[in-house]
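Working notes, structure below.
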Amino acid sequence: MPACLTGSGLWDRATFPRPHEMIMDVFALFHDRIGSALKSMFPDIADELLARFVVEPPRDAAHGDLSTNAAMIVAKPLGKNPREVAQALAEYFKADPDVASAEPAGPGFLNFRLNAPIWHQVLASVQALGPDFGKSDIGKGERVNVEYVSANPTGPMHVGHTRGAVFGDALASLMAYSGYDVTREYYINDAGSQIDTLAGSTFLRYREALGETIEIPSGFYPGDYLIPVGEALKAEFGDKLLTVPEAERTAIVKERVLAAMMDLIRADLAQLNIHHDVFFSERQLHGKGGDIDLTLGWLREQGMIYEGRLEPPKGKTPDEWEDREQTLFRATDYGDDVDRPLVKSNGSYTYFAADIAYHRNKYLRGFKHMVNVLGADHSGYVKRLEAAVKAVSKGEADIDVRICQLVRLMKNGEPFKMSKRSGDLVTVADVVEEVGSDATRFMLLYRRNDASMDFDFAIVKEQTRDNPVFYVQYAHARTASLFRKATDEVPAMTPVAGESVDFSTLSSSADLELIRTLAQWPRIVASAALAHEPHRVAFYLHELASAFHGFWAKGNTDVALRFINAEDSTLTKARLAMVAAVRQVLNNGLTLLGVSAPDELS
RNA sequence: GACCCCGUAGCUCAGCAGGAUAGAGCACAGGAUUCCUAAUCCUGGGGUCACGCGUUCGAAUCGCGUCGGGGUCACCA
């Protein structure tokens with residue numbers, strides 16, 4: 001950045017782009033400008049310090065359009081008084097043509113009011129960038145592996161999986177939009193003993209299909225969804241499987257039932273509009289010379305494994321605790337609470353051993369950033385995974401484990417009872433059928449992932465303001481209805497795509513307020529992506545919808561604020577272009593969340 | 001016994017990498033449709049940010065501790 005204040009106080013064009021240039025993020029733009037201002041005033045200032053101050057909308061709109069704490073952040077290390085630094089910055093920005101006023105406030109804030117043209121540029125940018133308004137390269141093209149769902153392939157998806165599925169999917173979209181190279185991955189737990197049980201249960205269904213009367217022992221999977229798999233086996237093999245040696249037969253049944261279960265799960269996910277890039281099978285890690293063998297060998301070379309004994313957990317000693325020497329991973333060296341076993345007493349690998357190998361595999365595939373979305377029952381697993389990734393990558397890779405807390409299903413304020421025994425198990429398909437994919441997704445994303453939540457069927461189905469999904473979609477539909485009306489009644493005043501629009505008539509406080517809300521979108525997306533918090537997008541959309549509904553209602557009492565004004569072509573065109581921008585941003589946000597943006601509500 | 005998450009208005013929850021008088025929706029009270037979908041909007045009352053101590057110019061936000069709610073706790077997956 002060149003120094004930009006000359007002796008006469010004139011500004012370098014490079015520092016202040018002219019109005020026709022594209023403005024993606026007003027806040028980022030001013031962050032840059034304030035940074036160069038500080039640099040010109042204090043040439044020795046550390047870049048690290050400049051990265052720390054923020055430019056944001058003040059909580060109280062009366063304080064202006066933008067606010068920065070730069071003076072307070074910078075003052076102390078420089079041995080200056082924050083208010084004086086703020087004052088100096090204020091003086092500096094008097095020459096900025098985009099700034100109407102810059103006033104120090106409180107302990108050293110600096111509040112900016114911007115001239116209307118810069119807000120008009122924001123509208124022009126939305127218009128020009130369309131779906132890309134909000135897109136950024138903060139991810140710098142780095143590869144990220146987002147693993148989510150990873151439900152056991154032993155049946156259709158249970159509603160408990162829905163939250164993680166939706167969360168992971170939205171997060172992946174958000175990160176892709178923010179410039180990460182994202183891979184969406186599903187880890188198929190197809191190697192454990194539950195799969196043997198599944199195969200056994202399926203074989204019973206096969207015999208049933210052949211006409212036998214069967215009884216399903218406890219511990220087996222009783223679900224009806226295995227019946228078609230049994231029938232398919234009959235169709236493929238007739239009764240020949242009965243005579244095949246058990247080992248071979250189990251292998252065949254396993255193969256078929258796993259494929260069938262994954263089809264079931266993929267279908268469930270598709271109903272929620274969720275699609276993965278990679279389905280990674282745990283089984284491929286096992287076997288002689290497989291990834292687990294290799295990984296454990298490698299860990300042993302690194303001295304990360306030893307043979308030793310574990311203390312039984314205090315307070316709640318398991319009944320069948322067997323004190324034995326076992327193969328342990330030095331998880332405590334990487335921040336875990338205890339070292340973790342890798343080999344079971346029967347000689348096979350633990351689930352965690354496979355998981356270490358799996359995450360080493362991710363690392364070797366080139367992922368230095370990993371995100372795992374897990375259910376609340378896995379919270380105790382987090383430190384272990386972090387330890388594994390650290391060990392396996394020698395600290396080069398990071399993993400963020402996002403735990404999705406429980407969802408309590410409600411009906412009219414009452415907990416909705418589910419029980420496996422009565423077959424009253426709620427599946428993803430049940431929920432989607434009941435309330436639809438849009439509402440399911442939005443409601444689950446309208447909460448932080450780490451707090452437990454209630455999901456009330458009654459509210460989700462309601463079409464009122466109580467229901468945020470509907471509220472946001474309604475705002476979008478309203479923009480569409482306006483355009484239908486405009487095209488119909490004042491076609492000459494309706495802006496078309498790519499048309500350059502004169503926004504200068506948008507000067508009322510109502511107009512500018514709405515535009516300021518739009519202008520926040522890029523920073524909201526970026527911060528949501530960095531923090532791995534999709535709910536920020538959902539909340540923003542609600543805020544934007546509210547701003548739009550509010551503007552709409554103002555037109556009811558104040559004719560000057562109507563969108564369509566048959567006497568004023570310039571104003572109407574500008575207003576409609578603003579509506580188009582609202583529509584665009586709503587669309588961009590809903591798309592990221594995987595929720596549709598309908599033009600009409602039924 | 002240990003670990004993880006949560007504790008903000010009557011209810012459900014936001015509060016973005018500490019910042020200026022803590023926000024929204026519901027509920028409650030009142031108001032706005034000869035006017036672009038009132039499926040909406042506007043106004044109002046309501047909070048020791050669980051509690052205590054600490055760090056700081058400044059803490060709902062960071063640290064430690066206590067209390068309360070939820071989840072988990074060798075070899076299951």
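In what follows, chains carry the letters A, B, and so on, assigned in the order in which the sequence lines appear, proteins first and then strands, with residues in each chain numbered from 1.
- Here A:Phe563 and A:Phe548 bring their ring centres to under 6.0 angstrom of each other.
- Residues from residues 69-82 of chain A with heavy atoms under 4.0 angstrom of RNA chain B, sorted by number: A:Asn69, A:Met72, A:Lys76.
- A donor-acceptor pair is defined here as one N or O able to donate and one able to accept, closer than 3.5 Å; such a pair exists between the side chain of A:Thr202 and the backbone of A:Leu198.
- Residue A:Tyr358 places no side-chain N or O under 4.0 Å from the OP1 or OP2 atom of B:rA77.
- Between the CG atom of A:Asp377 and the C1' atom of B:rC5 there is a distance of 13 Å, given to the nearest Å.
- When rounded to the nearest whole Å, the span between CZ of A:Phe442 and P of B:rC13 equals 16 Å.
- The shortest distance between the side-chain N/O atoms of A:Arg448 and the OP1/OP2 oxygens of B:rC6 is below 4.0 Å.
- Using a 4.0 Å heavy-atom distance criterion, A:Pro341 is classed as a sugar-phosphate-only contact.
- At a threshold of 4.0 angstrom between heavy atoms, the contacts of A:Glu489 with the nucleic acid are absent.
- Contact annotation: side chain of A:Ser67 to base of B:rA20, donor-acceptor pair present below 3.5 Å.
- No engagement by A:Glu543 is indicated, since no non-hydrogen atom pair under 4.0 Å with the nucleic acid exists.
- We find that CD of A:Gln405 is positioned 16 Å from P of B:rG69, with the value rounded to whole Å.
- A:His535 does not qualify as a stacking partner of the B:rA14 base, lacking a centre-to-centre distance under 5.5 Å together with planes within 30°.
- For B:rC16, its base never sits under 3.5 Å from the side chain of A:Ser527 at any donor and acceptor pair.
- A:Asn111 comes within 4.0 angstrom of a base, heavy atoms only.
- Between A:Asp190 and A:Arg283 there is a salt bridge, with a side-chain nitrogen of the basic residue lying less than 4.0 Å from a carboxylate oxygen of the acidic one.
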Self-check item: Per-nucleotide protein contact string for nucleotides 44-49 of chain B (B base, S sugar-phosphate only, - none; heavy atom under 4.0 Å)
Solution: ------

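- Looking at heavy-atom distances under 4.0 Å, A:Ile403 makes no contact with the nucleic acid at all.
- Note on A:Ala376: only backbone sugar-phosphate atoms sit closer than 4.0 angstrom, heavy atoms only; bases stay farther off.
- Shown here are the side-chain hydrogen bond (donor to acceptor under 3.5 Å, both in side chains) partners of A:Thr570, two or more places apart in sequence or in another chain: there are none.
- When atom types are taken as modelled, the side chain of A:Tyr334 and the backbone of A:Leu385 share no donor-acceptor pair closer than 3.5 angstrom.
- In this structure, A:Asp60 and A:Glu533 both approach RNA chain B, and ranking their closest nucleotides by distance from the 5' end singles out A:Glu533.
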All N/O contacts under 3.5 Å from nucleotides 59-64 of chain B to the protein, with atom names and distances to one decimal?
{"unit_1": "B:rA60", "atom_1": "N6", "unit_2": "A:Arg59", "atom_2": "NH2", "d": "3.4"}

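- Screening A:Thr68, A:Leu89, A:Asp65 for a side chain to side chain contact (heavy atoms under 4.5 Å, CB included) involving A:Phe112 leaves a single residue, A:Thr68.
- Counting only Watson-Crick and G-U wobble pairs whose two key distances fall under 3.5 Å, RNA chain B forms stems of three or more stacked pairs at B:1-7 with B:67-73, B:10-13 with B:23-26, B:28-32 with B:40-44, B:50-54 with B:62-66.
- At a threshold of 4.0 angstrom between heavy atoms, the contacts of A:Leu406 are confined to the sugar-phosphate backbone, with no base atom among them.
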Practice problem: Take nucleotides 28-36 of chain B nucleotide by nucleotide from the 5' end and write B, S or -, depending on whether a protein heavy atom sits under 4.0 Å from the base, only from the sugar-phosphate, or from neither. | Solution: -------BB

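- Proximity of a side-chain donor or acceptor of A:Arg163 to a complementary backbone N or O of A:Gln405 within less than 3.5 Å is detected.
- Comparing B:rA14, B:rC75, B:rA17 by their closest approach to the side chain of A:Ser345 singles out B:rC75.
- Toward the 5′ end of RNA chain B lies the nearest nucleotide of A:Ser452, the other residue of the pair A:Ser452 and A:Val343 mapping further downstream.
- Close to B:rC41, at under 4.0 Å from its OP1 or OP2, lies no side-chain N or O of A:Arg478.
- Between the side chain of A:Arg113 and the main chain of A:Ser101, no donor-acceptor pair closer than 3.5 Å is present.
- Residue-level contact check: A:Phe539 touches the backbone only, with heavy atoms under 4.0 Å from sugar-phosphate atoms and none from bases.
- At distances below 3.5 Å, at least one donor-acceptor pair connects side-chain atoms of A:Gln473 with backbone N or O atoms of A:Ser596.
- You won't find any donor-acceptor pair under 3.5 Å spanning the side chain of A:Asp323 and the base of B:rA74, going by distance alone.
- Among the heavy atoms of the strands lying under 4.0 Å from A:Tyr381 is at least one base atom, whether or not backbone atoms are also near.
- A distance-only check finds no donor-acceptor pair linking the side chain of A:His31 to the backbone of A:Phe27 [under 3.5 Å].
- For the pair A:Lys383 and B:rC3, the criterion of a side-chain N or O lying under 4.0 Å from OP1 or OP2 is not met.
- Looking at heavy-atom distances under 4.0 Å, A:His378 makes contact with a base.
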Practice problem: Determine, stepwise, if the pair A:Lys254 / A:Asp196 fulfils salt bridge (Lys or Arg N to Asp or Glu O under 4.0 Å). | Solution: CA-CA 7 Å; A:Lys254 236 188 226 184; A:Asp196 295 321; 2.9 Å; yes

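- In terms of modelled atom types and a separation under 3.5 Å, the side chain of A:Arg384 and the main chain of A:Asp339 share no donor-acceptor contact.
- Within the 3.5 Å criterion, the main-chain N or O of A:Tyr306 finds no donor-acceptor partner in the side chain of A:Arg330.
- Residues A:Tyr148 and A:Tyr186 keep their aromatic ring centres 6.0 Å or farther apart.
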